Every structure is written in structure tokens, then in C-alpha cells.
Engineer: 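Got a structure here, written out as C-alpha cells. Questions coming.
These numbers come from a predicted model, not from an experiment. In what follows, chains carry the letters A, B, and so on, assigned in the order in which the sequence lines appear, proteins first and then strands, with residues in each chain numbered from 1.
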Amino acid sequence: MATKCKDYNFLEIEPHWQSFWDNNHSFRAERGTSKPKYYVLDMFPYPSGAGLHIGHPEGYTATDIVARYKRAKGFNVLHPMGWDAFGLPAEQHAVKTGTHPASNTQNNIVNFKRQIKALGFSYDWDREIDTTDPKYFRWTQWIFLQLFKRGLAYVDERPVWWCPELRTVLANEEVIDGKSEVGGFPVERRNLRQWVLRITAYAERLLADLKDVDWPDSTKRMQEAWIGRSEGAEVLFDLENRSLGQLRIFTTRPDTLFGCTYMVIAPEHPLVDALTVPAQKAAVEAYRKKAAGKSDLERTDLAKEKSGVFSGSYALNPVNGARVPIWVADYVLMGYGTGAIMAVPAHDERDYEFAQQYELPIVQVIEAAAGETKLPYVGDGRVINSGTYNGLPWPEAKKRITSDLATKGVGQPTVNYKLRDWLFSRQRYWGEPFPVVWVSETDYRRVAGRRRDDVPGEPVTFTSDGVTHFALPLPAAALPLELPDVQSYLPSGNGESPLANETTWLEIWFNAETGAAVPASQPRPAGEAWVRGRRETNTMPQWAGSCWYYLRFTDPSNQAAFASPEALRYWGVPDLYVGGAEHAVLHLLYARFWHKVLFDLGQVPQAEPFSKLFHQGIILGEDGEKMSKSRGNVVNPDAIIASHGTDTLRLYLMFLGPLEAMKPWNPNGIEGVHRFLQKVWRECLDREGAVNPKITADPAADSAELIRLLHETIKKVGEDIEGLRLNTAISQMMIFANALQKSPTVSRTTVLAFIQVLAPFAPHITEELWERLGQTGSILAAPWPQFDAAKLVADMVKLVFQVNGKHRGDQQVPVGLSEADAVKIAYENPKVAPFVAGKALKRVVYVPGRILNIVVG
RNA sequence: GCCCAGGUGGUGGAAUUGGUAGACACGCAGGUCUCAGAAGCCUGUGCCUAACAGCAUCCGGGUUCGAGUCCCGGCUUGGGCACCA
């Protein structure tokens, strides 16, 4: 039932249709249908206390238009929404107020949901998910257990930001210029026990499979760069002091081995002490201390100035036996390759700079083709000063030298990646607890055997104070492992999360077979399977929940699995995934990694999670700056909905410019699209709200031109939605509305078809008009109008005349005009004639229906 | 420093494979309706011209009958990476 309002009262119309959709579950994805599926997904938001930002509805409107269009095209559409609700702000709020982060999070979700619903998006709210819901994170923990048993999770000491004043670990974004964001206290790097996921084991596939996905090139390139594959060789250099063995280095340029004039090892390299001669001991120690004091940031910040110190030792070049000095310098990183390099200053900028500074020799071994002599030279060329390899193009020399080294057993081809293993733990309360209990080695040996399928081949351990602890997973049946209520959300102070203070939760008797637990303060229950354990106090990072949520949407309430095989087979992965480019690397890489692990386990049928990806651009403030509270240029969607309605807001967000572009918010333009909707309303209904008398049942009421324009509009809007060119689709509808206004009469079918193509963009007003124009039932049920290609062709076309490439006029001409006739018409055209009169015709370029260029001399 | 994407009227932006630059809007000006206003409607609106012409897509070259679009060099804005050997 439509409303009864006389004029375009969006404040009445919009809530009316929103509750209509709600009550009818209009957007519920169907089950057991023979329709083809279409899965369109938004990156789900973190429900912040600030509420919805204008950037959220931008992407959501685009996907909503696609979802509504695809439904009209006969697809069974899955268009879900949920909450990435673990996160730091809720925890900080809890620390401040003492209230449980869950309650704050739920309040924020309620607010977010209200705002999103007010925008009229066609989400299937029956499938809403929340990453903090134990029914959800049960499966996040379950997937972690799969990684764990495959040996893809381990524990290691890793440097994290530590603030001594706040006695807590800080995230990168909480550290600003070496100070804590809160309070401005100094922070330092401290090694703490961390869970790490072995994403590097998937580096090659994460790189290779990028070719199979339809993603923006820039995003693919970013991931490629992040993975950072490079091919080269590891080479063994004998040490002059034979008792020390050999030094292993990685190089991408084995062809420049003859140009190696010194070696560099990282200050953290295990051989530093052994290689340092007594005379250099003090200098090396001082240097190493200085390097350790620098944060990563400082180390890179000070990149302009190279520094290092001579160890006093020498290595022997395997290709020519040359004696090469070994330096210690922090421009070589322990974390990449072998932490040691051969320096070839003639052909590497960093080595060149270092050699200049410490007056080390420089030997050129690649000759530029075109007499280029400036060093360092990193371009193409042939090998010189390299014995029997002289004269070879360098890629050829690289192959030969690498294989010759391999033959002699002093080298092998190697591939290295910049990608590091993923630091997967946080010293926080508000995250998924790890379903792991630490037990003694004896207990582990005793019980792990009965859980052979659940534990990795190599036990996960860590050692502290001389005691080695062994990680025993909870059985899957014991999940979820929920967060205990805590007295205080303040960090424990020793680098562990607030969970470390919850003794009854933490220190337990653990039944290794059932996962049952009782506090360790109580007597040990009877039975073989009970062991003394301590729970893991770390929690998972926010990425965990977002790594697989798109799978849960296919079957969100399943209790027996993260999703059923049938749901995964039918819905598969999203056909379209839309979200900000700020997630180009981390979220999208982590999710791909988890997906591939699940694929290897036979849990999902596809190797890639997001076949087609699109990034919406950022909407800037009116002043062209990023929107921020402090600048006071934030646009609140609620205010626009109140003043102009959500149909106007949706339309305007799309009309602002290309979806992918970064664009400033322009408050004036919103009137334009609002007027357009009012015009559409007026063309359909008169001042009393009755059908506009110009609309008749007679198909002949439409001019040929209006019919042609209608079909052009149906075609263009459909194509533009498919290509996410929503701004030009709206332009086309405006053109049609202008023509509609100028038509003295129009057929009802034409108006209805137009209302239908507008419906995905402005769903409320079109529902209203659909019914007011006499249709029964929702416009949602109407199939997308077909355009008739025959209606698109005109008999006459405008032909543009050029003389010597300059525009000199145009004229309507019949379609299929011959070149000779076209030239004749042009010569007779009064605008063209003066420019060709009395001149010799040299050439004619004729593009029928488009252009005629007459070249005269 | 390296990689990527942009730069078009007063403004947001349009322009198949190279084929009318400025669609559609905003703004502005004039008109119409009105007692008056608002809304709506009509006309105009890149620059320079009285007009014809001329000049115009960041700048400079080039290819072409024809370049916003292709090539070379530069400037500039935004994003990413940053001693990864």
C-alpha cells in the first residue's frame, strides 16, 4: 500500500517502504531455487562510536544498486551485512569506563544498523553476523586450529611497541613519532612472545594466483610488491679462518660475483662475535649497541647516512679466491635473505655509497652497451673483468655462474620473498581467545598421542625461564572458548593481556580429550586425560574475524560447520566485492591466505576468495581535505536523509563522480538530483497526487524520439550498472526525464519502464510511484525491462564536416550515405563551402555516420 | 629514491577502437508565471570577439587527414613501497 501524500514527501515515503521491505523479508536470499546466484558483498564495517560516515554509504549504495538490478534480472541475490566488531576503540573505552567492551560494541551496532537501514539498503538482515558473537568466533577459532595442526601457526619472540610508562603493548597506529598516542610517553621495541602464522609458506601461490582474479591492477601490483619475490642464489663464501666454516649470502646478481670487494653482515648476525677480531671488538660492540637502540623507524629514517664497522675478518670469493673484508653494517637486515651480502659497489647504489664512505675498492664487472661509464651502473650490459664469463650478457652470466657454483657445491638458485610471517597475536582483552592450553613437556608427550589429528607434527613450544611449554589445542567440540569476565581491562603490566590476571580462567586442570577445564585451585579431577595447564593470554588480531566472514554469510546460523558444503557450493565466493583501497594489502592478503588453507583442506571449492574486486574512492570534505572531526568538515548522512531523503542521498553519492575516484563533497550539487526526483514525481502525479493526465494507456502517445530515448536509457543504465559507472547512468536518466517533461503525452508503459530502471538507484520513490500508477505488488517483483535494439536505430544521423581536420559544420544525413554523396552535400553546405571553394581536393576521409574530413591544398 | 593512478569551463564531472571537447548537473545572467515571493518552465553561459574568425583538455615536442585519447620529455596532485641485496 502506497502512502497518500500529495507531493513528494520523502519523510513519509521512505520509512513506509523500509518497513514494507522489512515486514515482507523482501531481500531474503532464497534457498532451494533453480535461479542462478549472485553474491555481492561490502567490506563489513567496524561499528565505531562515531556512527556512520558518508564514506560508508558510498560503497554500500553502489553494491545495493547492483544487488537490486541483479534481482530484477532474475538472479537469486545474496547481499549481506555484518559487523567486524572486535577492535581497539571498544577496549580503550572499556579501560576508561570499566564497562564490558561487548556492551559498548552492541550499542554501536544498534546505532550503525539504524543508520544503515535508514538508507534503504537491500540487505538480507536474516544473515547478519557479528565477529564478537561466540557462535561466530567459534569458527574463527576452529579455522585457527586447522592452521595450527597443519604447522602453519607457531610461537616466537617478536619485537612489539612497549610503553614503559603505560606498562602496555601498543599497536602501530597508537605510536606517533616514537611516543604513545595516549599521554605522549616514549615507547620502545621489546621482544614478547607472539603467535605467528606461516603465510610465507603460501607466498608463491598468493603471487601466482593473482593472475586469476579480476581486481584493479594497482591492487594486484601492491600485493605483488608486498610479497616481493626475487630470484637469485645463495652463495657460500669460505672464511679465511677455516674453523669458522662458511658465510652464506643471498644475491640476486650472482653474475657480479667478480665485482665483490667486501661483505656485509647484519649487526644481529650470529657470526658477528666469531668474526670480530680482538682489535675490532670494542668498535663492533659499540656499533652493535647503537644499532640495537635504533627502532626500525630510525633505522630506515637514517637511510641517507650509511654506517658500519670492519670486523677484522676476511672471506674468500668462491669464483676467484679473492680475499674480501667483512663489515658489520645495519643497512643489511637480518630478517631478509641470510642477513649477509656480498657487496658489489660498482653495480649497487647502497654498496656504492658505503664503499665511497669507507674508501673501499670498486670493481666494474658489467659494461654498458652505449658507453655509459657512470657508477654505480645497474642497467643492462655484458660481463667484463670476470674471467671466462667475459662478454656474456648479464642474464646469461647469471645462469652460468649460478649453475657452476651449484656444481662446485658452493651455491644454489634461491627465491626470496619480502613477505614476512604474520604476527597474529595481540596483548589485548577484546579479541578471540586462542583455543590453546600450555602444558609441560611430560604431559604433552603423554596426551598428544591421543590427539594425533589435532596436533602438528612438530610441537609448538616456547621457553621461558628455562622451562619449555607445549601448546595443546582445545578439541574442536569444546569451542567456542569464550572470554572470561575480568575485574579490570587494564593490561597486566608485564606485557601480557588483562587475561593474565584472571587466575581461575587461566590456571586450570585441563581435560586434553574433552577440553573441559576446572580451576587449578581445585583438586585435580580423576582420569588420565587431566593435565595441569595455563591458557594462552594473547588474543587474535582484528583481521581474524574478517578473514573468512564472506564464507559465513552463505550459511550464517550453521552449528555444525562454518558453512555447509551445499551452501559453499551454491553461493561460492562473492561475485563482486566492494571496499576501500586501504585494505588492498593486509585484509585482502590475509583472507586469501586463509582461503587457500581451507581450499587445501577441502573445505572450500575455490582457490581464491574474491573473484572480482572494486575499490570505491574516498569522499573528501567540502574543503577538499580528508573528512575529520578536528577539521569540522564531516558530512553526516542522517542530516541529509532528514533534509533531502535517502533516495536523494543515494543518487547524489553516485552522481558525484566515478565510483573509484577520490572526490570532494559538494553540498550545492545535492539540490540538482533532488530536483530530478521531484521532476520524476511531477511527471507521474499531479498536484493532488493522482496520475498525471498526460499519461495514457495508448501506446501511440509516445513520440518515436521518446521511444528511442527510452530504449537507449534501458540499454545504457543496464550496461553502466554492470560496469559500476553509476554517475553516467544517472545522467542518462536525467536526459530521459527532461524529454519526458517535454512530451505532451506519454504511454503508461513507457513511464513504468523508466520507473523500473530508476528503481535500483532510488528504491523508495519508485516503489511509491509504481503503485500510484496502478501497478499491484512491489516493483521488486517486476523483471528488468528489455531494450529493443531495433528501436535504437535512427534513419538520419548527424554528419560532421571537417576541412583540413577543422570542424566546419554538420548536417543531418540519411544513414548509409555514400562517400560521393557526402562530399557533394558538404560542398553545398554554406558553412563548409567558403573553406573549400577554389581549392584542390587532395584527400577525403569518410567515417559514415560520424565524420567527413575534406583535405584541400 | 622507486612503482602506480590522476591533471578537461567559475564548480562536480562527460567524451566506443584516435572522429563535433565540455553530455548531465551545480552556479550565474536574462525572460515567463505571480499582488509579491518561492517552486516550476524557457533562453543563454569555455576564453576572446559586434560578428566572422581565432584560441582552448597541466607544460613542451612528436605521430596522424584528425589527438583529451597514441609516443617522447618535463611539471604537478594523490596513493603505495622504502637500505629487501
Engineer: Would you kindly give the CG-to-C1' distance between A/Leu653 and B/rG13, to the nearest whole Å?
Structural biologist: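 Going from A/Leu653 (CG) to B/rG13 (C1'), I get 15 Å.
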
Engineer: Give the rounded distance in Å between these two atoms: CD of A/Gln356 and P of B/rC83.
Structural biologist: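 Rounded to the whole Å, the gap is 21 Å.
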
Engineer: Any chance you could measure A/Gln811, atom CD, to A/Leu852, atom CG, to the nearest 0.5 Å?
Structural biologist: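 It is 11.0 Å, given to the nearest 0.5 Å.
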
Engineer: Measuring centre to centre across the rings, with the benzene-like ring taken for any Trp, is A/Phe354 within less than 6.0 Å of A/Tyr262?
Structural biologist: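 They qualify: ring centres under 6.0 Å apart.
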
Engineer: Going 5' to 3' along nucleotides 21-31 of chain B, which nucleotides have protein heavy atoms under 4.0 Å from the base (write B), which only from the sugar-phosphate (write S), and which from neither (write -)?
Structural biologist: S-BBSSS----

Engineer: Under the salt bridge (Lys or Arg N to Asp or Glu O under 4.0 Å) criterion, do A/Lys398 and A/Asp255 qualify, and how do the steps go?
Structural biologist: CA-CA 4 Å; A/Lys398 176 173 171 176; A/Asp255 51 295; 5.9 Å; no

Engineer: Which whole number of Å gives the distance between the C1' atom of B/rG46 and that of B/rG27?
Structural biologist: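 Rounded to whole Å, the distance is 15 Å.
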
Engineer: Rounding to an integer number of Å, can you tell me how far A/Glu819 CD sits from B/rG19 C1'?
Structural biologist: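 Value for this atom pair: 15 Å.
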
Engineer: A/Lys306 side chain: which of B/rU20, B/rC42, B/rC83 is closest?
Structural biologist: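 Of the candidates, B/rC83 comes closest.
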
Engineer: Here's a test of your reading of the structure: between A/Arg253 and A/Pro664, which maps to the more 5' nucleotide of RNA chain B?
Structural biologist: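 The residue whose closest nucleotide sits nearer the 5' end is A/Pro664.
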
Engineer: When rounded to the nearest Å, what value does the distance between C1' atoms of B/rG68 and B/rU8 take?
Structural biologist: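 7 Å, rounded to whole Å.
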
Engineer: Counting side-chain heavy atoms from C-beta on, which of B/rC55, B/rG13, B/rC41 comes nearest to A/Lys806?
Structural biologist: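 The listed nucleotide nearest to A/Lys806's side chain is B/rC55.
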
Engineer: Taking the P atom in each of B/rU45 and B/rU34, what is the distance between them to the nearest angstrom?
Structural biologist: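 Here B/rU45 and B/rU34 have their P atoms 28 Å from each other.
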
Engineer: Which base, if any, makes a Watson-Crick or G-U wobble pair with B/rA67, both distances under 3.5 Å?
Structural biologist: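 Checking every strand shown, B/rA67 finds no partner, since no pair has both distances under 3.5 Å.
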
Engineer: On RNA chain B, nearest-nucleotide positions of A/Asp810 versus A/Trp226: which is more 5'?
Structural biologist: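 It is A/Asp810 whose nearest nucleotide is closer to the 5' end.
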
Engineer: Under the rule syn = chi within 90° of 0, otherwise anti, which is B/rG10?
Structural biologist: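 Judged by the O4'-C1' to base torsion, B/rG10 sits in anti, the angle falling more than 90° away from 0.
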
Engineer: So what's B/rU57 paired with, Watson-Crick or G-U wobble, going by both distances under 3.5 Å?
Structural biologist: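 Pairing partner: none.
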
Engineer: Pick the C1' atom in B/rG44 and in B/rG9, then give their distance to the nearest Å.
Structural biologist: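 Each nucleotide's C1' atom is 15 Å from the other's.
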
Engineer: What I want to check is whether the side chains of A/His587 and A/Glu582 have a donor and an acceptor closer together than 3.5 Å.
Structural biologist: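 Result is no, nothing qualifies.
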
Engineer: Among A/Val585, A/Leu589, A/Ile227, A/Asp217, which residue satisfies the side chain to side chain contact (heavy atoms under 4.5 Å, CB included) criterion with A/Met222?
Structural biologist: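 Testing each of A/Val585, A/Leu589, A/Ile227, A/Asp217 against A/Met222, the sole residue satisfying side chain to side chain contact (heavy atoms under 4.5 Å, CB included) is A/Val585.
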
Engineer: Need the pair for B/rU20. Rule: Watson-Crick or G-U wobble, both distances under 3.5 Å, any strand; none if unpaired.
Structural biologist: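 For B/rU20, the partner nucleotide comes out as none, under the 3.5 Å rule.
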
Engineer: Rounded to the nearest 0.5 Å, what's the gap from CD1 on A/Ile65 to CZ on A/Arg650? Could you check?
Structural biologist: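 Those atoms lie 6.0 Å apart.
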
Engineer: Run the numbers on A/Glu58 and A/Lys663 for salt bridge (Lys or Arg N to Asp or Glu O under 4.0 Å), then give the verdict.
Structural biologist: CA-CA 11 Å; A/Glu58 188 195 12; A/Lys663 44 207 177 279; 2.6 Å; yes

Engineer: State the pairing partner of B/rA85; accept Watson-Crick or G-U wobble contacts with both distances under 3.5 Å, and report none otherwise.
Structural biologist: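 Partner of B/rA85: none found under 3.5 Å.
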
Engineer: Output the distance between atom CD1 (A/Ile765) and atom CG (A/Leu677), rounded to the nearest 0.5 Å.
Structural biologist: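 So the CD1 of A/Ile765 and the CG of A/Leu677 are separated by 5.0 Å.
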
Engineer: Which nucleotide, if any, forms a Watson-Crick or G-U wobble pair with B/rG37, using both distances under 3.5 Å?
Structural biologist: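 Pairing partner: none.
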
Engineer: Rounded to whole Å, please give me the gap between CG in A/Leu586 and P in B/rG80.
Structural biologist: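 From A/Leu586 CG to B/rG80 P: 12 Å.
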
Engineer: For B/rU45, which nucleotide is its Watson-Crick or G-U wobble mate, given both distances must be under 3.5 Å?
Structural biologist: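 When the pairing criteria are applied, B/rG27 turns out to be the nucleotide that pairs with B/rU45.
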
Engineer: Would the distance check show the side chain of A/Thr713 and the main-chain N or O of A/Phe736 forming a donor-acceptor pair, the cut-off being under 3.5 Å?
Structural biologist: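 Not a single qualifying donor-acceptor pair exists.
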
Engineer: Figure out the CE/P separation between A/Met222 and B/rG78, and round it to whole Å.
Structural biologist: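 Roughly 16 Å, once rounded to whole Å.
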
Engineer: Could you state the CZ-P distance from A/Arg687 to B/rA39, rounded to the nearest angstrom?
Structural biologist: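 Distance check: A/Arg687 CZ to B/rA39 P gives 14 Å.
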
Engineer: More than 12 foreign heavy atoms under 6.0 Å from CD of A/Glu224: is that the case here?
Structural biologist: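 For A/Glu224, atom CD is crowded (more than 12 foreign heavy atoms under 6.0 Å).
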
Engineer: For A/Arg229, which contact category applies under a 4.0 Å heavy-atom criterion: base, sugar-phosphate, or nothing?
Structural biologist: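 If one applies the 4.0 Å heavy-atom cut-off, A/Arg229 turns out to touch nothing in the nucleic acid.
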
Engineer: Check each residue of residues 844-851 of chain A for a non-hydrogen atom within less than 4.0 Å of any atom in RNA chain B, then write out the ones that pass by number, or none.
Structural biologist: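 Here the set is A/Val845, A/Val847, A/Arg850, A/Ile851.
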
Engineer: Students often get this wrong, so: under 4.0 angstrom with heavy atoms, is A/Glu582 touching a base, only sugar-phosphate, or nothing?
Structural biologist: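 Since no nucleic acid heavy atom lies under 4.0 Å of A/Glu582, the category is nothing.
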
Engineer: If you measure from the P atom in B/rG1 to the same atom in B/rG66, how many Å do you get, rounded?
Structural biologist: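 Rounded to whole Å, the distance is 38 Å.
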
Engineer: Go through the side-chain N and O atoms of A/Ser307 and A/Tyr287 and say whether any donor and acceptor fall under 3.5 Å apart.
Structural biologist: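 Yes, a side-chain donor-acceptor pair sits under 3.5 Å.
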
Engineer: Using modelled atom types only, decide if a donor and an acceptor are shared between the side chain of A/Ser311 and the backbone of A/Ile326 within a distance under 3.5 Å.
Structural biologist: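 Checked: pair present.
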
Engineer: Identify the pairs formed between an N or O of the protein and an N or O of nucleotides 1-8 of chain B at a distance under 3.5 Å, and give each distance.
Structural biologist:
none

Engineer: Quantified in whole Å, what is the P atom distance between nucleotide B/rA51 and nucleotide B/rG6?
Structural biologist: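 Result for the P pair: 39 Å, nearest Å.
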
Engineer: Given B/rA85, B/rG13, B/rC42, which nucleotide is nearest the side-chain atoms of A/Lys742?
Structural biologist: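 So the nucleotide nearest the side chain must be B/rC42.
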
Engineer: How far does OH of A/Tyr358 sit from CZ of A/Phe310, to the nearest 0.5 angstrom?
Structural biologist: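 If we round to the nearest 0.5 Å, A/Tyr358:OH and A/Phe310:CZ are 13.0 Å apart.
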
Engineer: Students often get this wrong, so: under 4.0 angstrom with heavy atoms, is A/Pro658 touching a base, only sugar-phosphate, or nothing?
Structural biologist: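 Result for A/Pro658 = sugar-phosphate.
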
Engineer: Please report the distance, rounded to the nearest Å, between CG in A/Leu852 and C1' in B/rG19.
Structural biologist: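 These atoms are roughly 11 Å apart.
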
Engineer: Taking atom P in both B/rC59 and B/rC65, what distance in whole Å separates the two?
Structural biologist: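 After rounding to an integer number of Å, I get 24 Å for this pair.
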
Engineer: Please report, rounded to the nearest Å, how far the P atom of B/rG12 is from the CG atom of A/Leu656.
Structural biologist: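 Atom-to-atom, A/Leu656 to B/rG12, this comes out as 11 Å.
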
Engineer: Could you tell me which non-hydrogen atom of A/Val844 sits nearest to which non-hydrogen atom of A/Glu819, and how far apart they are?
Structural biologist: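 Nearest pair, atom of A/Val844 first, then A/Glu819: CG1-OE2, 3.4 Å.
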
Engineer: With rounding to the closest Å, how many angstrom separate the C1' atoms on B/rG13 and B/rG30?
Structural biologist: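 It comes out at 26 Å once rounded to the nearest Å.
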
Engineer: Just name whichever nucleotide pairs with B/rC2, Watson-Crick or G-U, keeping both distances under 3.5 Å, else none.
Structural biologist: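 Its partner is B/rG80.
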
Engineer: If you count the non-hydrogen atoms of other residues, nucleotides and ligands that lie under 6.0 Å from NZ in A/Lys715, is the total more than 12?
Structural biologist: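 No, not enclosed.
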
